Number of protein chains: 2
Amino acid sequence: MSLRNALLGLLVFRPGSGYDLLKMFDTSLGYVWPAKQSQIYGELTKLDATGLIKVTEEGPRGRKQYSLTPEGHAETVRWLTESRESRPQRNPMLLQTFFLGLLPREEAVQRLLDHAETSAKEHDTLVALRDTEDWDKDMLTVCGRLVLEHGIRQRVLEQEWARWAAEQLRAGHVVDPDGGPTGAPGKETDVAESSATGTADA
Amino acid sequence: MSLRNALLGLLVFRPGSGYDLLKMFDTSLGYVWPAKQSQIYGELTKLDATGLIKVTEEGPRGRKQYSLTPEGHAETVRWLTESRESRPQRNPMLLQTFFLGLLPREEAVQRLLDHAETSAKEHDTLVALRDTEDWDKDMLTVCGRLVLEHGIRQRVLEQEWARWAAEQLRAGHVVDPDGGPTGAPGKETDVAESSATGTADA
DNA sequence: CTTCCACCTGTCAAAGTTGGAACGTCGAGC
DNA sequence: GCTCGACGTTCCAACTTTGACAGGTGGAAG
């Protein structure tokens, strides 16, 4: 339901075609709300039908420029005001982490360190972006920066956490079914045979 | 595609019925990978058909206890080893933040502070959980703790970021179309009229 | 002995997402 | 004059997720 709001949000600032919007998703908004071309065009058609946006201009290559209608603007503000239902987010990386005990210990540690490194690279990319001179020319100025900063902090967190977690595993804080901490460099460090529930986060 | 792996992962530790698995999702795994009952039962049927799991016991109330087959175990390990495609995650909160400039300034600030408070509450819940005595009785010991720790750190980040962001907005680091920083307590602090791209993160 | 709750499964429609194919056009450069 | 890349749209099949409905059983408490 939020792709719809993302599109409306972008159209508040300036009218644009499906292609324009697609570009914005690819270069920026997509970092917090990915969307494919097929989905965007489809949603635009629906929004047009609903009357939240309308075609205000038709360009050369069959280009259709959409603009927000007053209803569309109202809907956007309503959406921003609406209370967010904070549902847990899917996180493939944490899901895997949950079951990392099934891998040999060194392999598990490596997985975590890889994550740290990936995050470090992403971090650098985002920082470079933040420090770009012409930022203000291309981006939603203020709030875009807030979101970008979140991304940067997030990457720092991922790095620190992953290294900490790797250390935990490496240090042998692994408890086998019988309870004692294991130091064995054995093949498979299958953890927690006896119980199958865990707790995590979003 | 990962619900499948989540189910397999849980079944590695002990056989269980759809109902058992549902419980685990509700109380723990669901924090990193939410799933509804209808989805779980459906997926179990499919996994059974594929031969990755099989019914090893039928209980009183039509209960079907599933266990991993060797193929299922192999698949789980394969999945853990497989490289993760780090696709950006959807984040409704950041999506809204992106467009927060459409709200009157004080309202926007309040949105951010609300987020901080929500995160603080979640943080406390997770910390309480971490410090629970009988943790090891109910949870996947080691890796579950790693994931839990991630959740805790994440909540700290959210709080700090949200307060920082609120401060940024409040401090009037808002640039109007003409470029100058705005201090006006005006009705609508519509930001960034002139440009419609932003950059964010996952 | 009845009632209620926890247990336990199944199915379905609707919506959201993914990934890809297909098709046409304008402009720049060779 | 041709080609190629960027522009620009539409459609579709497959899969995932959500939310609800529908139904049946065992045991404990009153």
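Atom set for the values below is all heavy atoms of this structure, side chains included, hydrogens, waters and symmetry mates excluded. Remember, predicted model here, so these are calculated numbers, not experimental data. First the proteins, then the strands, lettered A, B, ... as listed; each starts at 1.
- Residue A:F25 contributes atom CZ, which lies 14 Å from atom C1' of C:dG16 at whole-angstrom precision.
- Regarding contacts with the backbone of C:dT17, a side-chain N or O of B:R90 is found under 4.0 angstrom from either OP1 or OP2.
- Taking a cutoff of 4.0 Å between a charged side-chain nitrogen and a carboxylate oxygen, B:R163 and B:E167 do not qualify as a salt bridge.
- The side-chain tip of B:R4 does not point at the ring of B:W79 from less than 6.0 angstrom away and within 45° of straight on.
- Within 4.0 Å of B:R63, counting heavy atoms only, lie sugar-phosphate atoms of the nucleic acid but no base atom.
- Per the geometry, CE belonging to A:M24 stands 13 Å off P belonging to D:dC7, to the nearest Å.
- Put simply, NZ on A:K64 is 16 Å from C1' on C:dT25, counting in whole angstrom units.
- The existence of a salt bridge linking A:K64 and A:E57 is excluded, since no basic side-chain nitrogen approaches an acidic carboxylate oxygen closer than 4.0 Å.
- Judged purely by distance below 3.5 Å, without hydrogens or angles, the side chains of B:Q154 and B:E158 pair a donor atom with an acceptor atom.
- The distance from atom CG of A:L22 to atom C1' of D:dT10 is 14 Å, rounded to the nearest whole Å.
- Heavy-atom distances under 4.0 Å link DNA chain D to B:K36, B:Q37, B:S38, B:Q39, B:K46 of residues 34-46 of chain B, given in residue order.
- Between D:dT16, D:dC7, C:dC7, one nucleotide has an atom nearer to the side chain of A:K23 than all others, and that is D:dC7.
- Between A:D20 atom CG and D:dC7 atom P the separation is 9 Å, expressed in whole Å.
- Note: CD (A:Q65) to C1' (D:dC7) measures 14 Å, nearest angstrom.
- Atom-to-atom, CZ of B:R61 to C1' of C:dC8 comes out at 7 Å; the value is rounded to the nearest Å.
- Between A:P34 and B:R90, the closest heavy-atom pair is O-NH2, 2.9 Å.
- The side chain of A:Y19 approaches D:dT9 more closely than any other nucleotide in the set C:dC8, C:dC26, D:dT9.
- The CG-P distance, from B:L3 to C:dT17, rounds to 17 Å in whole Å.
- For B:R87, taking side-chain heavy atoms from C-beta onward, the closest of the listed nucleotides C:dG19, C:dT9, C:dC7 is C:dG19.
- Contact check on B:D20 versus B:R63 returns a salt bridge, with a Lys/Arg side-chain nitrogen under 4.0 Å from an Asp/Glu carboxylate oxygen.
- In terms of position along DNA chain C, the nucleotide closest to B:P60 lies nearer the 5' end than the nucleotide closest to the other residue of the pair B:P60 and A:S2.
- For A:E107 and A:R111, the salt-bridge test fails: no basic side-chain N is under 4.0 Å from an acidic carboxylate O.
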